[in-house]
Amino acid sequence: MEATATAATIAVVQGGVAGGFLGPAPLPRRACLLDLAAHPPTVRSLRGPRTRKSSEFAAKRAPADAVAAAANGLILPLATDLVALLRTLPTEDPPGSDDLYDCDTFVSLTAPGFTWRNLPNQGCAPASINASRPTPDQVDRFRDLAGRLLDLAESLATEPEEGPAPSYSLFYHPPA
C-alpha cells in the first residue's frame, strides 16, 4: 500500500458545487471528509440542501471502532486507488474555471508529498485555458471513485455530530 494514502486527508463535495450568481433550485449535497492522517483516523459525512446555512446539514461521524475495522479492508484501498488516479488526472487552469469532469463534484486530497484539488466552475471565471482534458475513461473513474468515497463515508458515519453541525466550508478546506 502506498505510504501517501495512509496519511491522506480526502474531502469530496457533490451537488451544488458548480453555479453562478444565482444557482438552480436547491439540490441535495453530499460531502465527506476522510482524515487518515488523524490519530485515530476520522470519517465524517454531511448531507443537506444546497445552502450555506450549516444548521440545515445532517452531519454524522463514524465511530472510531468502525473506522478501525474498515481501515485496511475498505478505506485504505480506496484511498490508494484515489491517489493513483489523481496522479494521472488534469485539473482546471486557472482553478475554478471549468468543470472538467462534468459532475458538479469537488475533490481535494492532501498527503505527504502530493496535493490535488479541483473546483468546478463557479459561473464567474473565464473558460479554462488548460489544454489538457481528461479522457472519457478518466472521467468515469473520477466519478466512480468520488461516488464510492461518499457512499463509504455515509455507511460508516452513523453517529450524529455533537453540537452545531459543521460548516460546509470544512469540507472545502480540510485541515492540513
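Position 1 is the first residue of the sequence; numbering continues from there.
- For Asp140, there are no side chain to side chain donor-acceptor pair (under 3.5 Å) partners, not counting sequence neighbours.
- The side chain to side chain contact (heavy atoms under 4.5 Å, CB included) search around Thr115 returns Thr110, not counting sequence neighbours.
- To the nearest 0.5 Å, the span separating CG on Leu86 from CZ on Arg117 amounts to 12.0 Å.
- From Leu89, atom CG reaches atom OH of Tyr101 across 4.0 Å, with rounding to the nearest 0.5 Å.
- Atom CD of Glu154 is separated from atom CG of Leu149 by 11.5 Å, given to the nearest 0.5 angstrom.
- For the atom pair OG1 of Thr80 and CD1 of Ile75, the computed distance is 11.5 Å after rounding to the nearest 0.5 Å.
- If you take OG1 on Thr88 and CH2 on Trp116, they are separated by 9.5 Å, rounding to the nearest 0.5 Å.
- Heavy-atom minimum distance, Ala37 versus Ala7: CB-O, 3.4 Å.
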Tell me, with the steps shown, if Thr6 and Leu36 meet side chain to side chain contact (heavy atoms under 4.5 Å, CB included). CA-CA 6 Å; Thr6 62; Leu36 306 179; over 6 Å; no
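- Nearest heavy atoms, Asn118 versus Phe106: O-CD1, 2.6 Å.
- Identified under the salt bridge (charged side-chain N to carboxylate O under 4.0 Å, His left out) test for residues 61-78, with sequence neighbours left out: Arg61-Glu161.
- In this structure Glu159 satisfies the side chain to side chain contact (heavy atoms under 4.5 Å, CB included) test together with Pro63, sequence neighbours excluded.
- For Gln138 (side chain) and Pro90 (main-chain N/O), no donor-acceptor pair under 3.5 Å exists by modelled atom type.
- The heavy-atom pair separating Pro77 from Ala71 by the smallest distance is CD-O, 3.9 Å.
- Between atom CG of residue Leu82 and atom CZ of residue Phe142 there is a gap of 8.5 Å, rounded to the nearest 0.5 Å.
- Partners of Arg148 according to the side chain to side chain donor-acceptor pair (under 3.5 Å) rule, which considers only residues two or more places apart in sequence or in another chain, are Asp144.
- Between the side chain of Asp35 and the backbone N or O of Thr42, no donor-acceptor pair lies under 3.5 Å.
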